[in-house]
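Just below is one structure, and these are the notes that go with it.
Every value quoted in this text rests on a predicted model; they were computed, and no experiment measured them. Atoms within a ligand are numbered from 1 in the order they appear, just like the ligands themselves. By convention here, the first residue in the shown sequence is residue 1.
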Amino acid sequence: MSETSKNSNEKRIFATNDKKLNIAVLPGDGIGPEIVEQALNVTKAVCKKFGHTLTYEYGIVGACAIDSVGEPYPKSTHELCMKSDAVLFGAIGDPKYDNNPAAKVRPEQGLLKMRKDLGLYANIRPVTTFPSLIHKSPLRADLVDGADFMCIRELTGGMYFGRPQGRSEDGNTAYDTCVYTREEIERILHLAYKYAGQRNKKVTVVDKANVLATSRLWRQIAQEVAPQYPDIETEYMFVDNAAMRIIQWPKSFDVLVTENLFGDILTDEASVITGSLGMLPSASVGIHTSVFEPIHGSYPQATGKNIANPLATILSAALMFEYAFGMTEEGALIREAVAASMDAGIVNEDIADNGIAYKTTEVGEWIVKFISK
Ligand code: IPM
Ligand code: MG
């Protein structure tokens, strides 16, 4: 196997097997490039091990894209994503925009545009525990040990995309609009039932139907869809109650499905079950190419320090093998390698014990070695 450059950007790993993986790599901002490099190295090692041919090409997104071409999700990046079989994504965001609410063009708009243009209406965030990390959770071990659920967050609707959005002329009133259509709600509910059918056969529909009109439409449609899946239990829960139950009784969930903003908030909360925000991967799926990304942000304070935890991105690569390529053994091997690295104590500072923390590259290299042996 050898690596060559066909042009300045495209790289190809040659292998004898005819399974071809053609991926777009979007490192983004902050720690994005560092963690994606490790996930890409892991992807290469897996392809080498299983004899797949990997082709990959880099694209720009987020603040770095604004800096170089003036927009956060340029057309060239979209075209790259569209022609690829999967997208491996790092993180976006930069303090120079966070601290400037008046900025007209923002890195986050790039992520939102990518999700919309690729039709990625579902963000799948599996929440699981790792035995060697249980003691890191601020929650009691007996509560989190064995927790295993999947959050399905609607990703292209709701308040993130609803219009009008803006300010009154005098600048003293601001408004966002939450909009959902029947079609948007139906398709994500069916997806939730599909996953529940492959898991423990329970769906929790999270809404705020006691207050919001959009939530009442969610609940009405859920009540229509649920009877189509008679072997799956359906539970309805208000979002405030769900926020409490995720912490109090995480093992009671199997598949949780909810709208965009609620899902954003609840999944950050759910990461404390895992032990660190640096551990939660995600898959965004829908109409066009799927995107695999950690749920955490660009962690600007750690940029360039080689200290960020690459495991959420490496675990996102595992989801990529499974969801985009149907390669379950490959995904399982990555997960096994990640668990082994934690058991061996080869971890970054966010989950390190006794002050023994490894570098981002050291964790990535250990995992590559485990996979390659
Ligand atoms: C996430 C992030 C994004 C979101 C931000 C960066 C726009 O928090 O993927 O959860 O809110 O969707
Ligand atoms: Mg978020």
Side-chain angles (χ1 to χ4, degrees), residues 26-33 35-36 39 60-66 71-73 77 81 87-101 103-127 150-162 165 176-178 180 184 188 206 239 242-243 246 256-274 276-286 290-303 308-309 312-313 315-316 319-320:
L26 310 187
D29 306 319
I31 57 166
I35 53 177
V36 163
I60 52 171
V61 66
C64 65
I66 301 177
E71 43 179 327
Y73 183 60
T77 301
C81 293
V87 179
L88 188 60
F89 187 95
I92 54 114
D94 190 295
K96 80 179 172 209
Y97 297 96
D98 296 344
N99 301 329
N100 176 12
K104 285 254 154 12
V105 188
R106 318 185 61 80
E108 289 75 11
Q109 290 164 350
L111 185 55
L112 265 48
K113 187 164 167 43
M114 180 181 78
R115 290 170 177 172
K116 196 69 167 181
D117 291 357
L118 292 175
L120 304 174
Y121 60 80
N123 184 229
I124 299 164
R125 300 184 163 182
V127 180
M150 179 179 262
C151 293
I152 301 188
R153 165 188 174 192
E154 202 291 326
L155 204 58
T156 50
M159 200 131 66
Y160 280 45
F161 293 93
Q165 178 186 65
D176 297 286
T177 308
C178 188
Y180 268 108
E184 288 172 323
I188 193 128
V206 173
V239 63
I246 283 176
L256 183 161
V257 61
T258 192
E259 65 103 71
N260 203 343
L261 178 63
F262 297 162
D264 185 29
I265 298 167
L266 291 179
T267 48
D268 265 35
E269 185 196 7
S271 76
V272 303
I273 294 163
T274 309
S276 169
L277 190 57
M279 298 298 303
L280 271 204
S282 86
S284 300
V285 304
S290 301
V291 174
F292 300 87
E293 55 172 316
I295 85 153
H296 61 70
S298 59
Y299 193 12
Q301 308 88 316
T303 305
N309 183 350
T313 321
L315 291 167
S316 299
L319 292 178
M320 176 176 80

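Where the criterion is an N or O separation shorter than 3.5 Å, residue side chain and backbone included, Arg125 meets it with respect to ligand 1. Looking at ligand 1, you'll find an N or O of Asp264 within less than 3.5 Å of one of its N or O atoms.
Residue Tyr160 approaches ligand 1 through these ligand atoms, each under 4.0 Å from one of its heavy atoms: 4 (C), 11 (O), 12 (O). Within ligand 1, counting atoms from 1 as listed, the ones closer than 4.0 Å to a heavy atom of Arg115 are 1 (C), 4 (C), 9 (O), 12 (O).
Arg125 and Gly263 get closest at one heavy-atom pair: NH1-O, 4.5 Å. Considering all non-hydrogen atoms of both residues, Gln165 and Met159 come closest at NE2-O, 4.3 Å. Residues Asp98 and Glu108 come closest through the heavy atom pair OD1-OE2, 3.9 Å.
Of the heavy atoms in Arg106, none comes closer than 4.0 Å to ligand 1. Proximity of Gln109 to ligand 1, defined as any heavy-atom pair under 4.0 Å, is not found for any part of the residue.
Looking only at side-chain heavy atoms (C-beta outward), Met150 and Leu256 stay at 4.5 Å or farther from each other. Under the 4.5 Å side-chain criterion, counting only non-hydrogen atoms from C-beta, Ile66 is in contact with Pro107.
Leu111 CD2, 4.0 Å is the protein heavy atom nearest to atom 3 (C) of ligand 1. Atom 7 (C) of ligand 1 has its closest protein heavy atom at Glu108 CG, 3.7 Å. In terms of protein heavy atoms, atom 4 (C) of ligand 1 is closest to Arg153 NH2, 3.6 Å.
Across Asp117, Leu118, Leu120, a single residue satisfies side-chain contact (heavy atoms from CB on, under 4.5 Å) together with Cys81, and that is Leu118. Checking each of Val291, Ile92, Thr77 against Met114 for a side-chain contact (heavy atoms from CB on, under 4.5 Å) leaves exactly one that passes, namely Val291.
Taking the Mg ion (ligand 2) as reference, Asp264 places its N/O/S atom OD1 nearest.
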